[in-house]
Structures are given as structure tokens and as C-alpha cells.
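Read the structure below first, then the notes.
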Amino acid sequence: MSFKKKAVVSLASVAIDGVLKYIDKRPEDAFVNMLNYAEKLFAGKLFPAENFPKLKAGAADPDNIYVKLGKSILNDVDRSIIKRVLLSLGVEAGYFGTKEVRANREKYDCNIPFQILIDPTSACNLKCKGCWAAEYGHKQNLTFEEMDSVISQAKALGTHFYMFTGGEPLIRKNDIIRLCKKHSDCAFMAYTNGTLIDDKFCEQVREAGNLAFALSIEGTEESNDFRRGEGAYKRTIEAMETLKRNKCLFGISVCYTRQNLDYVTSDAFIDLMIENGVKYAWYFNYMPVGHGADKELIPTPAQRKYMYFWLRKMRNSKTGKPMFVIDFQDDGEYVGGCIAAGRNYFHVNSAGDIEPCVFIHYSDSNIRTHTILEALKNPLFTEYRKGQPFNDNHLRPCPMLENPEKLREIVKKTGAKSTNLINEEDVDVLCSRCDDFAYEWAPVAQEIWDTTKHPITHTQYYRDGGKAKRQ
């Protein structure tokens, strides 16, 4: 770490301590005063000056859902975790990491990710319907040294945010804690069913400070256990109680399907999650991936349209609820379409295969035979980069679900191999499960796109530096 970076991180650490103490003394007007201070420092520099009056008006409104969410985080989450997350995710990843990532995209003329997903193991103690990991069993594991190498290589490129998936990643929780402590300048999150969370582990999480969670849950006990197995719902709720009692930071991960969408968007479900300490929610459209995948679980176009407007209602400062919600399909307009293959992220599976996306199980690189930079410059990721965004309508972001002809073309052109750990999955077979939905969703997505206002995002051509943009 350079002297300048050390100095900035040190100053930020002192500033965060001061801000947190100030909030404790005057919580009723803390957010407004913080914005007054930020306006003096950053208006017209890092942030447009016209943004601040609206932000301050919101901060002064006690009924604003983001004021409520901010207060709940301050009340419910250990201050050491808040501080470490602000330093690792805000300063290291957001401030320094973003600059390094953009500079290296120019330098190496390829995608460089803001975050990376890693599967420590294929093992899982549940067998959820429609989850490919349920097929794999205890077949593959990454060593601590391999995961450490991925993080070290990627940090050198500017990547400071890592998510653990699986399998059930907390089967490897000791190694995960080791990685969090070793790479204290990074932010980590684990997608987990929560069954392995206990008080002792939470103590280790507080000590590390830079690990948060997304617990898998899907509506009611009945709708959840239909896919995840009997008793899974109760164990996940118990994990929430443990995390909340130990003042850890956590949210939920929701796979919405044609069958459970009503349950996972109901007021009763959201209110229960907030009551249990949930601060954020990652929603995922069901993807028909793997042997035995059921395309009838893909939400209908009408359900996708409902999700689009439900999300915006949920995030509205007046009509929403104090839990931040993101949907990787229906929020494509905020990131300029598909973010895979290193444009903003990629996935390393438990066999070491470097895949463009957690849902796209094809690869031409492996961490045991290629460096991270080599994988980013190999044909599969290069073809992704050339094609992104795959559709000018960013409500159709995915080259598999909404544009299946694109994935067919990429896989066949690059010769990428199926990385399914049990049975190779032919790309035509996979994409055939998406053809009907893609066809039916296209006119609905276009109608929404043509009749609603969309953000002007600086990430629409995030893959492009000056050279690529001019081509």
C-alpha cells in the first residue's frame, strides 16, 4: 500500500470514529448535519451540487425509509463492523479500487471486475429443488491457498469486493474467516442457508469486521421448504436471530420463481424480514440451469413486469420499506445491462473454473492453469466484452435468459467447455429452455422501456475505455 493510500485510509478511520460518536450524541439531526459537511467538501467536485438539497430534505424527514434504514443499521450492527465495512467497501473498494479497476481496463484492454464470486466448496447440507449445487455433492473444493491467490491477484488489479457462494460456503467458514482477516482491505459477503451460523462464529465475524451475509429464504415456511426441504425455514429464521443478537450485518437472498413470487414480495414477508434484522435483499430470477432444471419455474412476463414496478415502489423513500432491495435482472438499467465476464464481476467455481457468471457454466480458463488476467483476456471473456451490452433495452440484459441466441453464439465461437460438475450441458439444450420466455418477454420489456424514465448510467459502457469507445 502506498504512503498516500495509507494516509487516506488512516484519515478516513479517524473521521468515521468521529462521525459515529457525533451520531450517538445527536441522532435526531445527525444525517442532515453530515450532509451539510459533505456538501462543503464535495459539492461540484465528487458529486453534483444539485443533489444535496434533495438529499438533505430526505434526511430531515423521519418517515423517509432511508433515514429509518440508516438508524436501524446504527442501532443493530456492531460499530466495529460498520467502521470496517465503510473502510473496506467505501474507501478501499469504492474510492481506490474503482480508480484502479478503470485504469487497468485501459492498461490491459480487457474487462476488470469490481467484484468476484468464489465457491469454496461444492458441498451443501441442503438439496434445494432447481439448484445445480444440489447435484454436485462433496466433489470439489478450493484450497485456502487457491482462494488467497485469486484475491491477491485480483487486488493487484483493483478488485476489493468478494462474495462466497456454493455449495454452502460456511462449510469452509474457518478458511473464510482467515481470508477476511488476511485481506482486511477487502469487503466480503457469504450467500448462505444459515444453518452453520452460531454464537462462536459470530464472535469471529465481529473480530474480522468485513464479512456480511445474505441468507437464503423464499417467502412463507411452506413456499420456502417446498424448494429447500422441510425445516429449512425455521433454521434460517434461527440464524437471523443469532446474527441479530450478535449485532452482525446481514440481508437475504431470494430466488423468485413462477410459484413463489407472490409470497416473496408480500408485505407480510418483508415486514417479518425487517423485524428479524434484515437490512438488504438480493433478488434473483430463477434460471433453468443444470440437469433437471424446470423452465416452468421461470417467472412469466407478467410477473417480471410486476417485479419491475414492485422494486421501484420498495425503493421509493415514501412508499417503500426500510430494507434495500436489488434485483439482478430488473435492475439492469442501472448498470448498463449484463455485468458478467469481468465487466463488473465473474465467478470461480469449486473446481477452479473461471466462469463469466454464476449462472453461466462455461469456461476456457481455470485458476490452476491460468492467471486471473489471462482469463480476462482469453476468448470467452473477450467475446462477452465485445457483445456487452447484449441488448439496448437493459430490461433484457442476460445473454442466456433474455437473449439466448447470444450465448449460443459465444460458446460455439470460443469453444468454451461446459463446467457442470456432473453432466456437461450442451449450450443449445440450455438455451432452448429460455427461448419461449425470451420471445414472450421482449415486447413486454420494450413497452416498459418505451414508457418509463431510465437513469443515465455511467456504467453503460463500463467495459470501454477511450479506445474501445471510439471503435
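Because the structure is predicted, anything quoted here is derived from the model rather than measured.
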Practice problem: Could you go through the salt bridge (charged side-chain N to carboxylate O under 4.0 Å, His left out) check for Lys182 and Asp148 one step at a time? | Solution: CA-CA 9 Å; Lys182 180 172 182 179; Asp148 180 46; 2.8 Å; yes
Practice problem: Decide ring-ring contact (aromatic ring centres under 6.0 Å, His included) for Phe390 and Tyr384; before the verdict, give the C-alpha distance in whole Å, the side-chain angles of both, and the deciding distance to 0.1 Å. | Solution: CA-CA 9 Å; Phe390 293 107; Tyr384 252 82; 5.4 Å; yes
Quiz prompt | Check against ring-ring contact (aromatic ring centres under 6.0 Å, His included), Trp310 and Tyr283 | solution = CA-CA 12 Å; Trp310 177 81; Tyr283 276 69; 5.4 Å; yes
Quiz item: Going through the checks in order, is the salt bridge (charged side-chain N to carboxylate O under 4.0 Å, His left out) test met by Arg84 and Asp185?
Solution: CA-CA 9 Å; Arg84 177 45 55 192; Asp185 55 345; over 6 Å; no
Quiz item: After noting the C-alpha distance and the side-chain angles of Phe188 and Phe164, does the key distance pass the ring-ring contact (aromatic ring centres under 6.0 Å, His included) rule?
Solution: CA-CA 8 Å; Phe188 296 89; Phe164 297 110; 5.7 Å; yes
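The pair Glu383-Lys406 does not meet the salt-bridge criterion, since no charged nitrogen lies less than 4.0 angstrom from a carboxylate oxygen. Remark: Lys321 engages Asp271 in a salt bridge, criterion side-chain N to carboxylate O under 4.0 Å. Under 4.0 Å is where a charged nitrogen must lie from a carboxylate oxygen, and between Arg315 and Asp331 at least one such pair does.
No donor-acceptor pair under 3.5 Å is formed between the side chain of Ser365 and the backbone N or O of His370. In this structure a side-chain-to-backbone donor-acceptor pair under 3.5 Å is present from Thr265 to Leu261.
There is a side-chain donor-acceptor pair under 3.5 Å between Asp78 and Ser80. Between Gln259 and Glu296, the side chains place no donor N or O within less than 3.5 Å of an acceptor N or O (distance only, hydrogens not considered). Side-chain contact, Lys377 with Thr382: no donor N or O sits under 3.5 Å from an acceptor N or O. For Ser363 and Lys417, the side-chain atoms include no donor-acceptor pair closer than 3.5 Å. Side-chain contact check for Gln115 and Asn344: no donor-acceptor pair (N or O, by modelled atom type) lies under 3.5 Å. For the residue pair His361 / Asn349, no side-chain donor-acceptor distance below 3.5 Å is found, with atom types taken as modelled. Side-chain N/O atoms of Asp199 and Asn246 include a donor and acceptor closer than 3.5 Å. No side-chain donor from either of Gln153 and Thr371 sits under 3.5 Å from a side-chain acceptor of the other. Using modelled atom types and a 3.5 Å distance limit, the side chains of His160 and Lys155 yield no donor-acceptor pair. When only modelled atom types and interatomic distance are considered, Asn193 and Ser216 share no side-chain donor-acceptor pair under 3.5 Å. Side chains of Glu333 and Tyr308: a donor-acceptor N/O pair is present below 3.5 angstrom, by distance only.
Ring-centre distance between Tyr263 and Phe269: not below the 6.0 Å cut-off.
The side-chain tip of Lys5 points at the ring of Phe96 from less than 6.0 angstrom away and within 45° of straight on.
Between Asn276 and Lys244 the shortest heavy-atom distance is O-CD, 3.6 Å.
Dense packing is recorded around NZ of Lys181, with more than 12 heavy atoms of other residues, nucleotides or ligands lying under 6.0 Å away.
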